[in-house]
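All remarks here apply to the structure that follows.
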Amino acid sequence: WEGMPNALLEAAAAGLPIVATRAEGVSEVIRNDQVGTLVEIGNEAELAGAISETLHNKDAARQGAARLQDVIANVFTWESVVSRYEELYRSLIAGADRS
């Protein structure tokens, strides 16, 4: 289990291709195979295959890494995160006011 994997965010922000397991938190960052590759936890053959594919298809890996870098730059900014927390707190307060 991983809450929000900082190493993944840092690698993505640096523009590196991502191959990771579908651990909680990871799938919030890598939502589809257009920006990285996710494999099932514990499936070593799938992980090895995904790593091999990433190493052999460098153009696609670079393109996915660039798309994910854009996602990180736009979605995981301090302003964006704070804004989502504010929305969450406001909805919780509004729900508490109705009780």
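When a residue number appears, it is its place in the shown sequence, counting from 1. Hydrogens, waters and symmetry mates play no part in the numbers below; they use all other heavy atoms, side chains included.
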hydrophobic_cluster_shared for [Y] and [X], side chain cutoff 4.5 Å:
X     : Y     : value
Leu8  : Val71 : yes
Leu16 : Leu55 : no
Ile41 : Ile30 : no

With a 4.5 Å heavy-atom cut-off, do [X] and [Y] have their side chains touching?
X     : Y     : answer
Ile18 : Val35 : no
Val29 : Leu68 : yes
Arg84 : Val81 : yes

Do [X] side-chain atoms and [Y] backbone N/O form a donor-acceptor pair below 3.5 Å?
X     : Y     : result
Thr54 : Ala50 : yes
Gln69 : Ala13 : yes
Ser27 : Arg22 : no
Asn57 : Glu53 : no
Glu46 : Glu40 : yes

Next item on the list: Grab the two heavy atoms, one from Ile72 and one from Ala12, that are nearest each other, plus how far apart they are.
Entry: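 Minimum heavy-atom contact is CG1-CB, 3.6 Å.
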Next item on the list: Return the minimal non-hydrogen interatomic distance between Glu28 and Phe76, and the atom names on each side.
Entry: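 Shortest heavy-atom separation between Glu28 and Phe76 comes out as O-CZ, 4.4 Å.
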Within this structure, what is the [atom1]-[atom2] distance for the pair [X] and [Y], rounded to the nearest 0.5 Å?
X     : Y     : atom1 : atom2 : answer
Ile51 : Glu44 : CD1   : CD    : 11.0 Å
Tyr85 : Leu88 : OH    : CG    : 8.0 Å
Leu47 : Thr21 : CG    : OG1   : 8.0 Å

Margin query: As a quick check of understanding, evaluate salt bridge (Lys or Arg N to Asp or Glu O under 4.0 Å) for Asp59 and Arg62, giving each step before the final call.
Written below: CA-CA 5 Å; Asp59 288 338; Arg62 283 187 197 107; 3.4 Å; yes
